[in-house]
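Following: one structure in structure tokens, then a few remarks.
In this text the structure is predicted, and so the values were computed from the model without any measurement. Numbered from 1 within each chain, the chains take letters A, B, ... in sequence-line order.
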Amino acid sequence: MDSKELSDESIFSNLNDKQKEAVNYTEGPLLIIAGAGSGKTKALTHRIANLIHKGVKPWKILSLTFTNKAAGEMKDRIGKMIGSERAEQISAGTFHSIFAMILRREANAIGYTNNFTIYDSEDSLSLIRHIIKDNGIKFDEITPQGVRSKISWSKNQMISVADFAKSAVNDVTRTTAFIYGEYQKKLIQSNAMDFDDLLLNMIKLLNIPEILEKYQNRYEYILVDEYQDTNKAQYIIINRLAKLHHNICVVGDDAQSIYKWRGAEIRNILDFKNDYPDVKIVRLEQNYRSTKNIIGGADSLIKYNQSQIPKTLWTNNPEGSLIELFTYDSDFDESESIAKKISKLIKSNNYTLNDFAILYRTNAQSLSLEKSFKNNGLKYMILGGVSFYSRKEIKDILAYLRVLVNPKDTESLIRIINFPVRNIGNTTISHIQNFAFELNISLYEALKRVDEITAIKKNKATAVTNFVEFLEEYSSIVNSSNPLDDIVDYINATKIRNVYLEMTTDDAEDRLMNIDQLFVDIEQYFISNENATLEEYLQQSALITDSDKKDLKEDSVKLMTLHSAKGLEFPNVFIVGLEQGLFPLGFTNESPEELEEERRLLYVGITRAEKYLELSHCLRRFKFGDIIISKKSRFLSEINSKYINHNSKEENNVQFKKKSLFSDDYSQIKKKDNFYFDDIPEETKSTKQSTVNNTTNKIPIFLQIKVGDIVNHKLFGLGRVEQLNGIADNKQATVLFKSVGKKKLLIKYAGLEIMKGNF
DNA sequence: ATCGCGCTCCTTTTT
DNA sequence: GGAGCGCGAT
């Protein structure tokens, strides 16, 4: 249909020499060191197009990315080059989704059945909670979250339960090892895999020679994006798959490695040339995204990191405006001021809402921003954060669906067995669990045989039987290739919606809306994926977050963590909360390594900005319902000051003094010693002097001025702006002055003042 | 078995 | 400030 003609022209034009080199080098190992904004995705997509052009069959290509967002963009752009039909045939996706698909196909080989359930981190957490509770484990040092992250970390390092147990030195670690073991056992019994298992089981699968051979043959060309973020398990899989054909192309930037905490090994990219001595290395160092000032600022910051590949990121772009630095009184002022600034800019310039992004270190910081955006009537979109799929009402419904597909999924079964209430209480459940344990059968099997359990009275047994019969009634959905209508019936029959209809609490309405949204989601899935099964729907919903489905092009200000911002770019970027303890996060045990990772994270953030970058920090901030006094981030002093314009604190205090959260009575504030820093930030003193060369307004004038504005010039007097050219610092205004006629002025130097009204 | 109150922990960051 | 949990009251 839309099978596009490919030519050398369409593949190689508009590429710089380095990019061409990468695109042209199709055989053998290739390492692309790609700096931020250096056209990495472009090089990758053109390289794939070139492979196709050379006659490589699309299904012989495996392209692995880290996030769904990146995978989506890749597919999109490849589709535009080679036509969507051929693009569809490429195995392009995240590690997790591609491996889940393969595992689904080969499940039997490793003792799973292909209807296995994927547990997300919350499912894992609740499983761990159950294990801790069921075994009466009581250690202050053992928290479900702590155990989960230890297990996940171990899995990523490929430390087995046995290895973990061997290195256990005290009661706490021995108990943790025990939980790890139980957790693994329960997962297998439940025919379920957690996120990490999707990688580990993939390795298990590739241990089987015939299967290894099959996939080595299948994937003649392998591409891996964000290689610096791969962990040990991913590294092993990639290398095994590439072993036959050696056509492996990895792309990465050590300066943008921000997932060490999750097991990522920067070493993988640093050692690539040891793994493949015949490697070709291409460096993409020209940045096409940002102004010289932004690149300069980012570069001066990252220089503080000891361990890094030496490289020079450079740009031909204009110098641009300086990075603006603001000091605010409180996070409230910060949010309010940014919201006001953006709405002003949109009214007075040609900017649209989606030219702006606000980046923060922790999801919790979105709260005050959200409030301010609502106050100011600005449309915004939060990426990441509490996911739609992790809301209780949604998880409950998904649990009902999961149980149909995989009755062994005990966590889901327990979740719904008495919700909505059907008179099956904890006592009854534990009787059934004991029974299941003794006979070594699944909980679901035990439910079916509830009449055999003497400890359970007749009326309770009937309730259980009714529940099982209810599930069985809808079990045909599983094998249906057109299940939409039945799924809707089934969900309605669970009566979950009715529970919230009858509720009078505030959040009931939200929950109803979410449920309706889920209906829409399910409907859309089955309409756009003909012949899809429920199983497939569940698989994608486990691996895709709701923000992946959001349309980034929608006109709204984007709010997200710095981690989620990776791979994206925006004309105007605000990075907020640059305070010690928040960014860099954690104010006590800063290991140099962790600090370097935080620094790389800020580097990633800074390099998202195309034209205008604003950094800010607050003197006081709400945290856990308390006010904490904050020092400005050390990173702010690390960025070379020649790239920064520091705006004074006084000017930033939004005129909400009366409304301000902190204006009232300080004595009321509960003091938590460890939250207070003794020394008052030097900020207040030093900033007063540094503002002399700044205009009285906190928004740079070149951002405020728009065509039609009446302006005042010191010499020429009043005039009207007729035309604007250039960007940021280089923006020029053509002004028709009353006295001297038309003049072209560089706004930066013109000292124009925007007037209200006509002349 | 359910409800509601108060207590605790939470906060990294994501597939 | 909010979610989740345990415990005691009904």
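Not a single salt bridge (charged side-chain N to carboxylate O under 4.0 Å, His left out) links A:Glu411 to another residue, sequence neighbours left out. Annotation: side-chain hydrogen bond (donor to acceptor under 3.5 Å, both in side chains) contacts of A:Thr410 (sequence neighbours excluded): none. Listed by chain and number, the residues in a salt bridge (charged side-chain N to carboxylate O under 4.0 Å, His left out) with A:Arg599 are A:Glu638 (sequence neighbours excluded). A:Asp521 meets the side-chain hydrogen bond (donor to acceptor under 3.5 Å, both in side chains) test with A:Tyr389, A:Tyr537, A:Lys549; sequence neighbours excluded. The salt bridge (charged side-chain N to carboxylate O under 4.0 Å, His left out) test applied to A:Lys395 returns A:Asp120, A:Asp123, not counting sequence neighbours. Not a single ring pair (Phe, Tyr, Trp, His ring centres under 6.0 Å) links A:Tyr112 to another residue, sequence neighbours left out. The ring pair (Phe, Tyr, Trp, His ring centres under 6.0 Å) check on A:Phe570 picks up nothing, with sequence neighbours excluded. Partners of A:Asp225 under the side-chain hydrogen bond (donor to acceptor under 3.5 Å, both in side chains) rule, at least two apart in sequence or in another chain, are A:Lys40. A:Lys566 meets the salt bridge (charged side-chain N to carboxylate O under 4.0 Å, His left out) test with A:Glu226, A:Asp229; sequence neighbours excluded.
Nearest-nucleotide assignment on DNA chain C puts the 5′-proximal partner with A:Lys371, out of A:Lys392 and A:Lys371.
Atom CD1 in A:Ile132 sits roughly 12 Å away from atom P in C:dC5 (whole-Å rounding). Protein atom NZ of A:Lys395 is 16 Å distant from nucleotide atom P of C:dA3, rounded to whole Å. Across the protein-nucleic acid pair, A:Leu367 atom CG and C:dG2 atom C1' stand 10 Å apart, rounded to whole Å. Distance, A:Ile424 CD1 to B:dT2 P: 10 Å, rounded to whole Å. Rounded to whole angstrom, the span from the CD atom of A:Glu122 across to the P atom of C:dA3 amounts to 13 Å. If you take CG of A:Leu582 and C1' of B:dC10, they are 15 Å apart, rounded to a whole angstrom. Distance, A:Leu200 CG to B:dT15 C1': 13 Å, rounded to whole Å. If you take CG of A:Leu103 and P of B:dT15, they are 19 Å apart, rounded to a whole angstrom.
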Hey, what are the protein-to-nucleotides 3-5 of chain B N/O distances that come in under 3.5 Å?
none

Please tabulate, one pair per line, each protein N/O and nucleotide N/O from nucleotides 8-10 of chain C that are separated by under 3.5 Å, including the distance.
none

Under 3.5 Å, which protein N or O atoms sit close to an N or O of nucleotides 11-13 of chain B? Give each pair with its distance.
{"from": "B:dT12", "atom 1": "O2", "to": "A:Arg361", "atom 2": "NH1", "distance (Å)": "2.8"}
{"from": "B:dT12", "atom 1": "O2", "to": "A:Arg361", "atom 2": "NH2", "distance (Å)": "2.1"}
{"from": "B:dT13", "atom 1": "OP1", "to": "A:Asn363", "atom 2": "N", "distance (Å)": "2.9"}
{"from": "B:dT13", "atom 1": "OP2", "to": "A:Asn363", "atom 2": "ND2", "distance (Å)": "3.3"}
{"from": "B:dT13", "atom 1": "O2", "to": "A:Arg361", "atom 2": "NH2", "distance (Å)": "3.0"}

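A:Arg620 places no side-chain N or O within 3.5 Å of a backbone atom of A:Asp331 that could act as its donor or acceptor partner. With hydrogens and angles ignored, the 3.5 Å screen pairs a side-chain donor or acceptor of A:Asn156 with a backbone N or O of A:Arg262.
In this structure, A:Lys495 places its NZ atom where only 12 or fewer heavy-atom neighbours from other residues, nucleotides or ligands lie under 6.0 Å away.
When heavy atoms are screened at a 4.0 angstrom cut-off, A:Arg391 is found touching no nucleic acid atom at all. Counting any heavy atom pair closer than 4.0 Å across all strands shown, A:Phe95 reaches no nucleic acid atom.
At least one side-chain nitrogen or oxygen of A:Asn418 sits closer than 4.0 Å to the OP1 or OP2 atom of B:dT2.
Nucleotides B:dT13 and C:dG4, compared at atom C1', are 22 Å apart to the nearest Å.
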